[in-house]
Participant: 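Can you keep this structure in mind? I'll have questions shortly.
So you know, we letter chains A, B, ... as the sequences are listed, proteins then strands, and number each from 1. What's counted below: heavy atoms across the whole structure, side chains too, no hydrogens, waters or symmetry copies.
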Number of protein chains: 2
Amino acid sequence: MSVPLYQAKAEMFRTLGHPVRIRVLELLQAGPRPVRDLLSEIDVEPSNLSQQLAVLRRTGVVVSFRDGSLVMYALSTPDVADLLAAGRRILSAVLTDRDGLLAELRAHSPSE
Amino acid sequence: MSVPLYQAKAEMFRTLGHPVRIRVLELLQAGPRPVRDLLSEIDVEPSNLSQQLAVLRRTGVVVSFRDGSLVMYALSTPDVADLLAAGRRILSAVLTDRDGLLAELRAHSPSE
DNA sequence: CCGGGACTTGAAGAATTCTGCAATTCGCCA
DNA sequence: TGGCGAATTGCAGAATTCTTCAAGTCCCGG
């Protein structure tokens, strides 16, 4: 497998590695939305949101088009939902493990 | 949904956003491996690999344990494979779209 | 044609992340 | 016990990414 491919995969994941961008993608799962709506649901400055949207566009995870005076954004492929779902599962698995370990640590004596 | 949760999700994805770390995870899909093996398959300095492994450990995506004089690494949950698979699907969807667009651009006259 | 809302772009400084070198730890075995 | 291979840690400088502010574009209504 070529090195540039790993680069591309990494870039794909790095694109999701930001709270605002994650939130945007989750909102877009419900369908296309204008920037104006995203802005009202995410606590961030307009220019910052635009920057984050640009990152998502650059990678090709979302697409945008104009509808009258509004700019709409949409997921470029429904596969994005799978990615988010897989992320949630891992997060929950990891947190469960952590809690499990914590519980175990508390249940036994230090010398055990 | 709380803001810290988005932070946690973002951190999870950011963890995967590095070529070496992606490669490590793909290798670990086949089962636990010692650092020594990873090192022989990935072109990176030992200290760099260690740093990247530390990042993966911190997030809880992988776990490590000692086996004699070797340190072994393993995926903490098989769900990681799903994430990588979803990433691949999106990448291929995005690239296909791009190629599709390119082909379309080439097939029509500039003024069309 | 002008005003104003809806977004985007450019750019700079702050904050993070990456990389590689040197030094260190840990366990094994002669 | 001393030497070694295996890995990790501590850092410093380089490279990226984030955030914000100021300025600019586009489009609709008047």
Participant: With no hydrogens and no angle check, is any side-chain donor or acceptor of A:Ser76 less than 3.5 Å from a backbone partner on A:Val61?
Facilitator: yes
Participant: A:Glu45 CD to C:dA6 P: how many Å, rounded?
Facilitator: 16 Å
Participant: Less than 4.0 angstrom between a side-chain N/O of A:Arg66 and OP1 or OP2 of C:dA6, yes or no?
Facilitator: no
Participant: Just how far, in rounded Å, is C1' of C:dT25 from CG of B:Leu70?
Facilitator: 16 Å
Participant: Without decimals, in angstroms, what is the distance between B:Gln51 CD and C:dG20 P?
Facilitator: 11 Å
Participant: Measure from the side-chain N and O atoms of B:Thr77 to the backbone N and O of A:Ala93, and report whether any donor-acceptor pair falls under 3.5 Å.
Facilitator: no
Participant: Counting only side-chain N and O atoms of B:Arg21, is one of them less than 4.0 Å from OP1 or OP2 of C:dC18?
Facilitator: yes
Participant: Measure OH/A:Tyr73 against P/C:dC7 and give the value in whole Å, please.
Facilitator: 9 Å
Participant: For A:Arg57 and C:dC7, what is the distance between atoms CZ and P respectively, to the nearest whole Å?
Facilitator: 12 Å
Participant: I want to confirm an ordering. Mapping A:Met72 and A:Arg14 to their closest nucleotides on DNA chain C, which one lands closer to the 5' end?
Facilitator: A:Met72
Participant: Quick one, B:Leu70 with B:Val35, criterion side chain to side chain contact (heavy atoms under 4.5 Å, CB included). Give me CA distance, side-chain angles, the key distance, then yes/no.
Facilitator: CA-CA 7 Å; B:Leu70 302 181; B:Val35 175; over 6 Å; no
Participant: Hey, is the main chain of B:Tyr73 close enough, under 3.5 Å, to the side chain of B:Ser64 for a donor-acceptor pair?
Facilitator: no
Participant: Any sub-3.5 Å donor-acceptor pair from B:Thr59's side-chain atoms to B:Met12's backbone N or O?
Facilitator: no
Participant: Could you tell me the separation between the CG atom of A:Asp37 and the P atom of C:dA6, rounded to a whole number of Å?
Facilitator: 11 Å
Participant: Whole angstrom is fine here: how far is it from CG in B:Leu56 over to C1' in C:dT17?
Facilitator: 14 Å
Participant: The side chain of A:Arg36 is closest to which nucleotide in this list: C:dA6, C:dT19, C:dG10?
Facilitator: C:dA6
Participant: I'd like to know if the side chain of A:Arg21 reaches the main chain of A:Thr15, judged simply by a donor and an acceptor atom lying under 3.5 Å from each other, with no hydrogens or angles considered.
Facilitator: yes
Participant: Hey, where on DNA chain D does chain A first and last touch, going 5' to 3'? Cut-off is any atom under 4.0 Å from a heavy atom.
Facilitator: D:dT17 to D:dC28
Participant: When the nearest nucleotide of DNA chain D is assigned to B:Leu39 and to A:Asn48 on a heavy-atom basis, which residue is associated with the more 5' position?
Facilitator: B:Leu39
Participant: Between atom CD of A:Gln52 and atom CZ of A:Arg23, what is the distance when rounded to the nearest 0.5 Å?
Facilitator: 14.0 Å
